[in-house]
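Scroll down for the structure; my scribbles are underneath it.
Only heavy atoms go into these numbers, but all of them, side chains included; no hydrogens, no water, no symmetry mates. Whatever order the structure lists them in is the order used to number ligands and atoms, beginning at 1.
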Amino acid sequence: MDYYLVAFLAFISYALYKCYIHPFYLSPLRKIPGPPLDSFILGHYATFLNKEIGEALSYLAKQYGGIVRYHGLFNKPYLLISDPKIVQQILVNRPYDHPKYFTNREMAKEFVGEGLLLAQGDSHKRQRKMMNPSFAFSNVKEMVPTFVQAGHKLKDFWMKQIGDKKEERITITAMIPKITLDVIGLVGFNYKFNSTTSDSELAQAYKILVNRNPSPLYTALEENLSFIRKLPITYYKQHYDSLKTIRNISEKLIAEQKNSTVRGKDLLSLLVKANEQLPFDEQLTHEELISQVMTLLIAGHETTSTSLSWALYFIAKNPDIQDRLRNEILEVFTDRNHFPTFDEIEQLKYLECVFKETLRIIPPAPAMLRYNIKDEIMDGYVVPKNTPLMIAIYAIHHDPSIWGDDADDFNPSRWLDPEIKSKVTNNNFIPFGAGPTSCLGLKMAHLELKSILAVVIRNLEFRLVKGYTFKKKFIGLSKPIPGVDLWVSKVDS
Ligand code: HEM
């Protein structure tokens, strides 16, 4: 009995030391500005962290500056970084001293395996080197016809919904993810998922995974207390069944690729080809190849579909911007069914501004987590090794000292303003991250979004539905929940 008492007291003392004494009286991090102590167990989840993450972090940066200490579950200290100089230090100058941080690596692995997104240090360098050639600009440029076709498919689908009516209320977020899933199927794996026309197993699996809407506190509890995800409840069963479906399809795509005698120009064909040419000990393993497919599937369609939805929402909200954009497009695409080329898409300068402004105002990934493998000094403060560092992309993108007093407004013209242009760098506009771990699909996302938007805006007009509301929520990415409904009508000519 006494042993139990001793064990209990030891546990309480340890918890007290870890959750209270160390963070508040001993850790050098206590000298860094931050919000006052909140809850012993819930940290700052008791108040602002349970709000949408981008806005919570932006609030902290505005209140306390470019480096801020805050506390997660069990009062674990985190640093919030929104000073572009420190961002540069972490992501660009010494990226391998600041690996990606995962509260629960196993949970992340379930989604994307041990591929590029999770790899660290030398393993990351090796995998990235292998993947780079598939994403070469010359290759990505050849994807434009597939992107344009996807734009026409989306436009035709919505035109059919409108039919002979003047306009139709359409939930734009229903079809967009299916379109972008089909695109990554084609350009990524030369595979027709046909999600827009059939009840695709894959689209269904992603729908289950991403339609989940837990609070930030629940997500943090799941990450810290793994047993929660093992509970025998329907939700988790569906969750694991969906992950299994995605893995099975990824394995099937690899098997088809390996058995194929003809090699295409899709990302996987190029990757498998590059891999086969390497000495055996440098090659990606079978498991790593499967992980890359899972990574490309999720990274390559959820991000683009989220950004497309936000772009259309902001265009609908700002009719003047919509008119200006359409006028620019109409000068080039005189015909409704025009199939624009790469050069024509690149001519559309205001479209480029709309694209950048969408990713500035709502970066799909509002923050990225890193940690430091050595003690270091940041902005004059001692940061002990293994401190989680939250890079607050959303806060940086909304900083009035960079973007002006209208930083919270959707204003694509700012990208034409010489003063703003002179202030923008690769450490203060970072929707795709920065440095050697930055998004591999950046150029592809650029062209895909612009091609689809150009075709859709050329042919359709979007208007807000009065009284319709949704919330911006972080569910892996910053999404409009439950979705976006807009009035859609056909452009006359
Ligand atoms: C609007 C669209 C997109 C956005 C905003 C976006 C954003 C990001 C961000 C923030 C990262 C993390 C960077 C870091 O941790 O340093 C990332 C990584 C990555 N993205 Fe994207 N992404 C987009 C589209 C795509 C597409 C279309 C693909 C591929 C088909 C893709 C493939 C990847 C891969 C493979 C990585 C891991 C890179 C690495 O760790 O080396 N992304 N992306």
Side-chain angles (χ1 to χ4, degrees), residues 54 87-88 90-92 95-96 98-102 108 111-121 123-132 134-136 139-140 143 146-147 150 176-177 179-181 183-189 266-268 270-271 288 291-311 354-371 389-394 396-397 426-427 429-453 476-479:
V87 171
Q88 167 91 16
I90 295 172
L91 294 181
V92 183
Y96 288 104
H98 302 100
K100 294 172 187 169
Y101 177 89
F102 298 95
F111 275 87
V112 288
E114 284 281 7
L116 194 58
L117 271 174
L118 262 69
Q120 312 277 36
S123 168
H124 179 268
K125 282 184 197 158
R126 184 177 62 88
Q127 294 192 34
R128 177 95 184 193
K129 195 171 145 203
M130 197 90 68
M131 304 264 294
N132 267 335
S134 316
F135 287 88
N139 186 39
V140 173
M143 297 175 182
T146 308
F147 301 152
I176 290 176
I179 290 282
T180 56
L181 185 58
V183 167
I184 190 67
L186 291 169
V187 301
F189 320 108
D266 56 279
L267 300 173
L268 185 59
L270 295 170
L271 179 63
E288 280 172 342
S291 302
Q292 310 309 1
V293 173
M294 291 168 78
T295 302
L296 293 179
L297 273 173
I298 187 96
H301 97 276
E302 267 285 297
T303 44
T304 39
S305 86
T306 303
S307 308
L308 257 178
S309 307
W310 283 118
V354 168
F355 167 77
K356 284 186 177 157
E357 185 67 350
T358 305
L359 292 178
R360 181 192 71 80
I361 199 151
I362 306 203
M368 293 187 301
L369 259 175
R370 298 291 193 264
Y371 70 98
L389 308 165
M390 182 71 94
I391 307 214
I393 303 178
Y394 184 93
I396 300 170
H397 286 191
N426 65 356
N427 55 33
F429 178 59
I430 49 170
F432 296 99
T437 54
S438 65
C439 177
L440 202 50
L442 179 151
K443 293 183 205 118
M444 187 178 146
H446 244 84
L447 285 176
E448 179 176 351
L449 277 166
K450 290 202 300 183
S451 307
I452 297 178
L453 269 179
L477 299 172
S478 286
K479 293 167 151 264

Between Ile361 and Trp310, is any pair of side-chain heavy atoms under 4.5 Å apart? no
Of all protein heavy atoms, the one nearest atom 28 (C) of ligand 1 is Gly441 CA, 3.5 Å
Mind checking whether Leu389 and Tyr101 have side chains closer than 4.5 Å, heavy atoms only? no
The atoms of ligand 1 lying under 4.0 Å from a heavy atom of Pro364, numbered in the order shown, are 5 (C)
**Study point:** Centroid separation Phe429 to His397 less than 6.0 Å
**Key:** yes
CE of Met444 to CE of Met143, rounded to nearest 0.5 Å, is 5.0 Å
Atom 37 (C) of ligand 1: closest protein heavy atom, distance to 0.1 Å, is Leu117 CD2, 3.5 Å
| said: Does any part of the side chain of Val354, heavy atoms only, come nearer than 4.5 Å to the side chain of Thr358, both counted from C-beta? | reply: yes
A student checking ligand 1 against Gly300 at a 4.0 Å heavy-atom cut-off should list atoms 26 (C), 27 (C), 28 (C), 29 (C), 30 (C)
Counting heavy atoms under 4.0 Å, the part of Ser438 that contacts ligand 1 is backbone
Checklist line | Minimum side-chain heavy-atom gap Val140-Val187 below 4.5 Å | finding: no
Per-atom filter on ligand 1: closer than 4.0 angstrom to a heavy atom of Ala299 are 24 (C), 25 (C), 26 (C), 28 (C), 31 (C), 32 (C), 33 (C), 42 (N)
| message | Pairs of nitrogen or oxygen atoms closer than 3.5 Å, one from His124 and one from ligand 1: do any exist? | response | yes
Note: ligand 1 atoms sitting under 4.0 Å from heavy atoms of Met444 are 30 (C)
Original post:
For the side chain of Gln127 and the backbone of Leu116, is there at least one donor-acceptor N/O pair under 3.5 Å apart?
Top reply: yes
For Ile184, the ligand 1 atoms with a heavy-atom partner under 4.0 Å come out as 30 (C)
Applied to residues 433-451, the side-chain hydrogen bond (donor to acceptor under 3.5 Å, both in side chains) test, sequence neighbours excluded, yields Glu346-Lys450, Glu352-His446, Glu352-Lys450, Arg370-Thr437
At under 4.0 Å between heavy atoms, what of Lys443 touches ligand 1? The answer is neither
With heavy atoms and a 4.0 Å threshold, my read on which part of Pro431 contacts ligand 1 is backbone
Quiz item: Do the side chains of Val92 and Asn427 get nearer than 4.5 Å, heavy atoms only?
Solution: no
Nearest non-hydrogen protein atom to atom 23 (C) of ligand 1, with distance, is Thr303 OG1, 3.4 Å
Q | Any N/O pair Thr437/ligand 1 closer than 3.5 Å | A | yes
inquiry  = Considering both backbone and side-chain atoms of Arg128, is one of its nitrogen or oxygen atoms within less than 3.5 Å of a nitrogen or oxygen in ligand 1?
reply    = yes
If we number the atoms of ligand 1 from 1 as shown, the ones under 4.0 Å from a heavy atom of Arg370 are 14 (C), 15 (O), 16 (O)
Quiz item: With side chains defined as the heavy atoms from C-beta onward, is the minimum distance between Leu449 and Leu308 less than 4.5 Å?
Solution: yes
Note to self: I want to check something: taking the side chain as every heavy atom from C-beta on, are Thr306 and Pro177 in contact at a cut-off of under 4.5 Å?
What the structure shows: no
Only residue of Met130, Arg126, His124 satisfying side-chain contact (heavy atoms from CB on, under 4.5 Å) with Arg128 is His124
Note: Val293 and Phe189 closest approach over all heavy atoms is CG1-CE2, 3.7 Å
Nearest non-hydrogen contact to atom 18 (C) of ligand 1 from the set Pro366, Cys439, Ala367 belongs to Cys439
The answer for which part of His301 has a heavy atom under 4.0 Å from ligand 1 is neither
Quick look: Ser307 vs ligand 1, heavy-atom contacts under 4.0 Å, and the answer is side chain
Next on the checklist: Between ligand 1 and Gln120, can you find any atom pair, the residue atom being a heavy atom, that is separated by under 4.0 Å?
Outcome noted: no
Between Tyr394 and Gly54 the two heavy atoms that sit nearest each other are CD2-O, 3.2 Å
Under 4.0 Å between heavy atoms, the region of Leu442 that gets near ligand 1 turns out to be neither
In this structure, CG of Leu297 is separated from CG of Leu181 (nearest 0.5 Å) by 7.0 Å
Per-atom filter on ligand 1: closer than 4.0 angstrom to a heavy atom of Ala445 are 2 (C), 24 (C)
Atoms of ligand 1 under 4.0 Å from any heavy atom of Leu116, numbered from 1 in the order shown, are 35 (C), 38 (C), 39 (C), 40 (O), 41 (O)
For atom 6 (C) of ligand 1, the closest protein heavy atom turns out to be Phe432 CD2, 3.6 Å
The closest protein heavy-atom partner of atom 12 (C) of ligand 1 is Met368 SD, 4.0 Å
Counting heavy atoms under 4.0 Å, the part of Lys100 that contacts ligand 1 is side chain
